[in-house]
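Remarks on the structure that follows.
Reckoned from all heavy atoms, side chains included, excluding hydrogens, waters and symmetry mates.
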Amino acid sequence: MDNTADKQELLDKRYIRMAFIWAENSYCKRRRVGAILVKNKMIISDGYNGTPAGFENVCEDENNITKPYVLHAEANAITKVARSNNSSEGATLYVTSAPCIECAKLIIQAGIKRVVYADSYRLSDGIDLLKRANIEVVAIDLDE
């Protein structure tokens, strides 16, 4: 690896660790996911999985099943940047878990060009769609 690639890997690991810290804000019990949106080495948005604004901070029902209206971390980060003066065009999304297909569609439409994730998701259709859209996808192993 050259020096530029080494620096990028160090940055990727640093931002993904930040996404894990941000995931701690989630009230979800089954799985906490965090996302950080970075452009030009600046964090322009962040998100974690949870209920929409104004809803009770309870993600699971009495059977421990995630409520259908819970937002994913990626969706929260993308909608948050949409309400700001920033643009996600060309940005990198750091997310603790691989995006699902619904979040992959949002990522594509938001103009995000790179996705870095740590944990695999049970389905790979989101990652497959991102690759089909020529978005760079990087899996990071923090244990290395």
- Carefully, step by step, assess Lys7 and Thr4 under the rule side-chain contact (heavy atoms from CB on, under 4.5 Å). CA-CA 5 Å; Lys7 286 181 182 176; Thr4 305; 5.8 Å; no

Please check if the side chain of [X] supplies one atom and the backbone of [Y] the other of a donor-acceptor pair under 3.5 Å.
X	Y	value
Arg32	Cys28	yes
Lys39	Glu89	yes
Asn40	Met42	no
Tyr15	Lys41	yes
Thr96	Gly34	yes
Ser45	Ala77	yes

- Message: So, taking the atom named CD1 in Ile16 and the one named CD1 in Ile21, what distance separates them when rounded to the nearest 0.5 Å?
- Response: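 That separation rounds to 11.5 Å.
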
- Rounded distance (nearest 0.5 Å) linking atom CZ of Arg17 with atom CZ of Arg14: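 The CZ atom of Arg17 sits 6.5 Å away from the CZ atom of Arg14.
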
Does any non-hydrogen side-chain atom of [Y] lie less than 4.5 Å from one of [X]?
X	Y	value
Tyr121	Arg31	yes
Leu71	Thr79	no
Cys100	Glu74	no
Thr51	Val58	no
Ile140	Tyr94	no
Val115	Ile135	yes
His72	Val95	no

Determine whether [X] and [Y] fall in the same hydrophobic cluster, where Ile, Leu, Val, Met, Phe, Trp and Tyr are linked whenever their side-chain heavy atoms lie under 4.5 Å apart.
X	Y	value
Leu142	Leu11	yes
Val137	Leu37	yes
Ile78	Ile43	no
Met18	Val138	yes

Ignoring hydrogens, what is the shortest heavy-atom contact between [X] and [Y]? Give both atom names and the distance.
X	Y	value
Trp22	Ala35	CD1-O, 4.1 Å
Ser88	Val81	CB-CG1, 4.0 Å
Glu56	Lys67	OE2-NZ, 3.0 Å
Phe20	Ala118	CE1-CB, 3.5 Å
Leu106	Ala75	CD1-CB, 3.8 Å

- Would you mind telling me which of Leu93, Ile127, Val33 makes a side chain to side chain contact (heavy atoms under 4.5 Å, CB included) with Tyr117?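 Testing each of Leu93, Ile127, Val33 against Tyr117, the sole residue satisfying side chain to side chain contact (heavy atoms under 4.5 Å, CB included) is Ile127.
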
- How about Lys29: does its NZ atom have over 12 heavy atoms from other parts shown lying under 6.0 Å from it?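 No, not enclosed.
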
- Message: Please determine whether the number of non-hydrogen atoms from other residues, nucleotides or ligands lying under 6.0 Å from atom CG of Asn63 exceeds 12.
- Response: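 Check passes, neighbour count above 12.
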
- Task: Output, in order, the C-alpha distance, side-chain angles, deciding distance and verdict of side-chain contact (heavy atoms from CB on, under 4.5 Å) for Asn49 and Asn76.
- Result: CA-CA 7 Å; Asn49 57 328; Asn76 271 325; 5.7 Å; no

- Task: Start with the C-alpha distance between Gln8 and Thr92, add both sets of side-chain angles, then the distance that settles side-chain contact (heavy atoms from CB on, under 4.5 Å), and finish with yes or no.
- Result: CA-CA 12 Å; Gln8 185 60 59; Thr92 297; over 6 Å; no

- Apply side-chain contact (heavy atoms from CB on, under 4.5 Å) to Ile101 and Leu123, showing your working. CA-CA 9 Å; Ile101 191 142; Leu123 302 172; over 6 Å; no

